[in-house]
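I have placed the structure first, in the form of structure tokens, so that the comments after it can refer back to it.
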Amino acid sequence: CRHASLNFIKLFLSHIKSKQLDLFPKTSDGETIFHFALENPHADVPKYIYAQFKENIDIESTDNDGWTPLHFVCQFGNLETLKFVLELQPDLTATTQIGNKCFHLAAMNPKTEVLQHLLNLYSTMILNSTGYVGRKCIHYAAFEGLLENVKLLVEHHSNKYFDEGDDHGNTPLHLAVNGNHTSIVQLLATTFWEKLDTSILNKRGQDVFDLAVINKNNGILKIFQRKT
């Protein structure tokens, strides 16, 4: 269901039906074919699976890690599939076992249009939402090195969080530097130049200079040296 075409899935399900096998089993991780279908690049696949197994699908059901279908589509899906799932009115506040909501997962999805759509609908909720280890969406996007997602969050006024540390004291800038995401460091430094404080320490006592030195990233060091 993750990668197959709709025609193949129809043929496969027809074959399974003829064998009188269970059409909606759960994996050892608690996932069903609907979860997998949400990762398919074609929205007609999860729509078809939902239509065929509507009585078996609980939009709030979770896998063993507490992920609902909405979590899956926000992390791995595309815009059209997200729109379809939102029509089913899922709980936007549902939290995974480690504390992430759908918004935090969307911030880690390289398909920026997923995050864009959610921001258009729930901007305030997204920007204020705190997930695993105290991270906001901008922390996650910076950590993953997703420049377009960071740009989008900055445009939607995530600026009040750009120097906020997570539970480990790491700001989005710390996370971008530690991941060697030079383009994100450049974006944050340029956007917040007047407010930029390179002396903020994480709970290991490291500022962004320290992390850049550890990573031997001269490009990032040059960005900060212009500030000193």
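In this text the structure is predicted, and so the values were computed from the model without any measurement.
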Can you tell me how far [atom2] of [Y] sits from [atom1] of [X], rounded to the nearest 0.5 angstrom?
| X | Y | atom1 | atom2 | value |
| --- | --- | --- | --- | --- |
| L121 | L92 | CG | CG | 9.0 Å |
| E80 | H117 | CD | NE2 | 8.5 Å |
| N100 | R135 | CG | CZ | 9.5 Å |
| K151 | S183 | NZ | OG | 8.0 Å |

Check: [Y] and [X] side chains under 4.5 Å, non-hydrogen atoms:
| X | Y | result |
| --- | --- | --- |
| E31 | F72 | yes |
| L38 | Q75 | no |
| Q116 | H156 | yes |
| H42 | L6 | no |
| F34 | F53 | no |
| T68 | P90 | no |
| I49 | I9 | yes |
| L86 | L70 | yes |

Evaluate L146 against T112 for side chain to side chain contact (heavy atoms under 4.5 Å, CB included), listing each step before the verdict. CA-CA 9 Å; L146 296 174; T112 302; over 6 Å; no

Quick check: does any side chain N or O of [X] sit under 3.5 Å from a backbone N or O of [Y], one acting as donor and the other as acceptor?
| X | Y | answer |
| --- | --- | --- |
| N215 | V177 | yes |
| N40 | A4 | yes |
| T198 | L196 | no |
| H174 | Q206 | yes |
| K101 | G131 | no |
| N202 | R204 | yes |
| N109 | L115 | no |
| N149 | A107 | yes |
| N128 | T124 | yes |

Can you label the angle between the F192 ring and the F162 ring as parallel, tilted or perpendicular, going by 30° and 60°? parallel

Please work out which of the three classes, parallel, tilted or perpendicular, describes the rings of Y50 and F84, given edges at 30° and 60°. perpendicular

[X] with [Y], same ILVMFWY side-chain cluster at under 4.5 Å:
| X | Y | result |
| --- | --- | --- |
| I214 | L201 | no |
| L105 | L175 | no |
| L79 | V85 | no |

Residues T130 and K136: side-chain donor-acceptor under 3.5 angstrom: yes

So, for C74 and C102, which heavy atoms are closest and what is the spacing to 0.1 Å? CB-O, 3.4 Å

Determine, step by step, whether D91 and I59 satisfy the side chain to side chain contact (heavy atoms under 4.5 Å, CB included) criterion, reporting the C-alpha distance in whole Å, the side-chain angles of both residues, the deciding distance to 0.1 Å, and the verdict. CA-CA 9 Å; D91 180 5; I59 199 63; over 6 Å; no

Please indicate whether Y132 has more than 12 foreign heavy atoms, meaning atoms of other residues, nucleotides or ligands, lying under 6.0 Å from its OH. no

Just do the side chain to side chain contact (heavy atoms under 4.5 Å, CB included) check on F143 and H139 with the steps written out, would you? CA-CA 6 Å; F143 176 80; H139 289 86; over 6 Å; no

Run the numbers on D163 and I200 for side chain to side chain contact (heavy atoms under 4.5 Å, CB included), then give the verdict. CA-CA 8 Å; D163 59 355; I200 296 175; 3.9 Å; yes

